[in-house]
Amino acid sequence: MDKAEETVKIAVQNDPLGMHVYLDTLGEIQARKGDYPQAEANLKEAASLTPPEEKEGLMQIYAHLLERYRKKGDTDKAAGIEMKIKKLN
């Protein structure tokens, strides 16, 4: 996992146009390692950087955030993400 995380961090630095994709991947790696606060921060940043025309990618990022919030028991944030997903459909 550490090698994957380092590789994705390099990609984030080298590809600003694809940063949202790499931040999503990085957030998922960090979540699997148990670094939930950093995972959430990277997923939120990935969502904010996703171009509006990339609805499918944004929905995937939101799904990852939703999973984090549900596992954390944060029902308010989970409900907010569910609403954002519904608006994209």
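Because the structure is a prediction, the values reported are computed rather than measured. Just so you know, these numbers use all the heavy atoms, side chains as well, and skip hydrogens, waters and symmetry mates.
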Measuring from [X]:[atom1] to [Y]:[atom2], what's the distance to the nearest 0.5 Å?
{"X": "Arg68", "Y": "Ile81", "atom1": "CZ", "atom2": "CD1", "value": "12.5 Å"}
{"X": "Thr50", "Y": "Glu45", "atom1": "OG1", "atom2": "CD", "value": "10.5 Å"}
{"X": "Asn89", "Y": "Lys87", "atom1": "CG", "atom2": "NZ", "value": "12.5 Å"}

Among the clusters formed by ILVMFWY side chains lying less than 4.5 Å apart, do Leu43 and Ile29 turn up in the same one?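 The answer is no; the residues belong to distinct hydrophobic clusters.
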ILVMFWY cluster, Tyr69 and Leu88 together (side-chain gap under 4.5 Å): yes
Going by heavy atoms in the side chains, are [X] and [Y] under 4.5 Å from each other?
{"X": "Gln38", "Y": "Lys33", "result": "no"}
{"X": "Glu6", "Y": "Asp2", "result": "no"}
{"X": "Glu82", "Y": "Arg70", "result": "yes"}

Evaluate side chain to side chain contact (heavy atoms under 4.5 Å, CB included) for Leu26 paired with Gln30, printing each intermediate quantity in order. CA-CA 6 Å; Leu26 184 58; Gln30 291 165 328; 3.8 Å; yes
For Leu66 and Ala78, work out which heavy atoms get closest and say how close.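 Closest approach of Leu66 to Ala78: CD1-O, 3.4 Å.
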Contact summary for Ala31 and Ala39, nearest pair of heavy atoms: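 Distance-wise, the nearest heavy atoms are N-CB, 3.6 Å.
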List the atom pairs, with distances to 0.1 Å, where a side-chain N or O of residues 53-65 and a protein N or O form a donor-acceptor pair under 3.5 Å, not counting sequence neighbours.
{"residue": "Glu54", "atom": "OE1", "partner": "His20", "partner atom": "NE2", "Å": "2.9"}
{"residue": "His64", "atom": "ND1", "partner": "Asp24", "partner atom": "OD1", "Å": "2.6"}
{"residue": "His64", "atom": "ND1", "partner": "Asp24", "partner atom": "OD2", "Å": "3.4"}

Working note: Lys3 + Thr7, criterion side chain to side chain contact (heavy atoms under 4.5 Å, CB included); need CA distance, chi angles, decisive distance, verdict. CA-CA 6 Å; Lys3 179 69 175 164; Thr7 300; 4.2 Å; yes
